[in-house]
Amino acid sequence: MTALPGGGPRIPGLHSLPVAPVHPAAPSIPPQQPPSALREITCVTLCKVGQETVQDIVARTMDIFHMLRATQLPNGVTQNHAVYQERSNKLQEHLRQLTLLFKKLRLLYDKCGEMCGVTDVSVTELIPFVGDEPFRPSDLPNVGGLINAEYQEILEKLHQKNQELEHIMDQLRSLIWDINSMLAMRN
């Protein structure tokens, strides 16, 4: 009987699983999860991921149109057949990735609808029309206090930044006024 690496007998059927060596002198450090795994998934994060997915879809579609514009149709000449086949394969790969992005977007949409419960709003109500009133956040159905709190926090930060910018613009106006006054006095 030989000693097994990893110290200890193995359970039949689990021989392919690696056994981590135990070091009694090493301090026990809990495995750290990545920061994204520790974050709670909210409707807002799903919407942000959805927005990035839509941007990827638009970029991929633009790439497809650029490829189509640059592609010349095959005319039966064997020289161009290899180039045509390569471009065709590249186009098929782009289309496959685009299909996957649309599936991902649909999953995000469904998950966001489950989490937020915003399924009773029709699409036509979300589209602004010319002559309608501007969008007001109070028009949206109540989707939770967490989102409302985030919205209020963002509004407060925006208000603070606007105040800072106004202060900076006032200082610049005053500085420009002083410089113009000095230039006028010099002449």
Side-chain angles (χ1 to χ4, degrees), residues 29-71 90-91 93-187:
I29 300 173
Q32 294 188 0
Q33 297 177 350
S36 61
L38 296 176
R39 266 193 338 201
E40 184 178 314
I41 297 176
T42 63
C43 223
V44 174
T45 55
L46 287 176
C47 289
K48 286 180 182 177
V49 172
Q51 179 182 5
E52 292 170 2
T53 305
V54 168
Q55 291 172 350
D56 289 345
I57 288 171
V58 170
R60 186 80 55 189
T61 306
M62 292 294 293
D63 289 344
I64 289 172
F65 282 122
H66 287 297
M67 287 173 58
L68 287 174
R69 186 174 43 186
T71 302
K90 194 181 289 188
L91 182 63
E93 178 63 24
H94 272 66
L95 289 173
R96 187 187 65 76
Q97 290 175 352
L98 191 63
T99 304
L100 292 175
L101 286 173
F102 272 112
K103 287 179 182 177
K104 177 182 175 183
L105 185 63
R106 184 62 186 182
L107 288 173
L108 287 169
Y109 176 78
D110 291 341
K111 185 69 175 172
C112 190
E114 288 174 11
M115 289 180 69
C116 299
V118 186
T119 56
D120 58 341
V121 179
S122 70
V123 175
T124 57
E125 293 176 11
L126 297 175
I127 301 172
F129 292 102
V130 175
D132 283 351
E133 299 177 3
F135 172 75
R136 291 188 313 265
S138 61
D139 293 342
L140 288 177
N142 187 9
V143 292
L146 179 64
I147 295 173
N148 194 19
E150 285 184 34
Y151 177 75
Q152 293 298 327
E153 181 181 330
I154 291 171
L155 275 181
E156 184 161 328
K157 286 181 182 178
L158 181 65
H159 182 70
Q160 289 174 351
K161 292 291 182 184
N162 284 342
Q163 292 295 327
E164 290 175 15
L165 286 174
E166 284 181 18
H167 182 68
I168 291 171
M169 288 189 308
D170 289 341
Q171 287 179 338
L172 283 173
R173 280 191 202 108
S174 176
L175 180 64
I176 291 171
W177 182 266
D178 290 343
I179 290 172
N180 285 339
S181 298
M182 284 187 230
L183 289 174
M185 295 289 281
R186 190 173 72 173
N187 291 337

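Numbers for residues simply follow the sequence, beginning at 1.
For the atom pair Glu150 CD and Leu155 CG, the distance stands at 12.0 Å (nearest 0.5 Å). Between atom CG of residue Leu158 and atom CD of residue Gln163 there is a gap of 10.5 Å, rounded to the nearest 0.5 Å. Note that CD of Glu166 is 6.5 Å distant from CG of Asn162, once rounded to the nearest 0.5 Å. Within the model, atoms CD of Gln55 and CD of Gln51 stand 5.0 Å from one another, a figure rounded to the nearest 0.5 Å.
Lys161 is listed as a side-chain neighbour of Glu164, based on a closest heavy-atom distance under 4.5 Å.
Applying the disulfide bond (SG atoms under 2.5 Å apart) test to residues at least two apart or on different chains, the pairs with a partner in residues 41-70 are Cys43-Cys116.
Qualifying salt bridge (Lys or Arg N to Asp or Glu O under 4.0 Å) partners for Glu153, counting only residues two or more places apart in sequence or in other chains: Lys157. Applying the salt bridge (Lys or Arg N to Asp or Glu O under 4.0 Å) rule to Asp63 yields no partners; only residues at least two apart in sequence or on another chain are considered. Partners of Glu52 by side-chain contact (heavy atoms from CB on, under 4.5 Å), not counting sequence neighbours: none found. Qualifying side-chain contact (heavy atoms from CB on, under 4.5 Å) partners for Leu91, counting only residues two or more places apart in sequence or in other chains: Ile64, Met67, Leu68, Leu95. Not counting sequence neighbours, the partners of Gln97 by the side-chain contact (heavy atoms from CB on, under 4.5 Å) test are Arg60, Glu93. Shown here are the side-chain contact (heavy atoms from CB on, under 4.5 Å) partners of Lys104, two or more places apart in sequence or in another chain: Val49, Thr53, Leu108.
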Would you mind writing out the side-chain donor-acceptor pairs for residues 167-178 within the sub-3.5 Å range, not counting sequence neighbours?
{"from": "His167", "atom 1": "NE2", "to": "Gln171", "atom 2": "NE2", "distance (Å)": "3.0"}
{"from": "Asp170", "atom 1": "OD1", "to": "Arg173", "atom 2": "NH1", "distance (Å)": "2.9"}

#### Entry: Steps toward side chain to side chain contact (heavy atoms under 4.5 Å, CB included) verdict (Met182, Met185)
CA-CA 5 Å; Met182 284 187 230; Met185 295 289 281; 5.7 Å; no
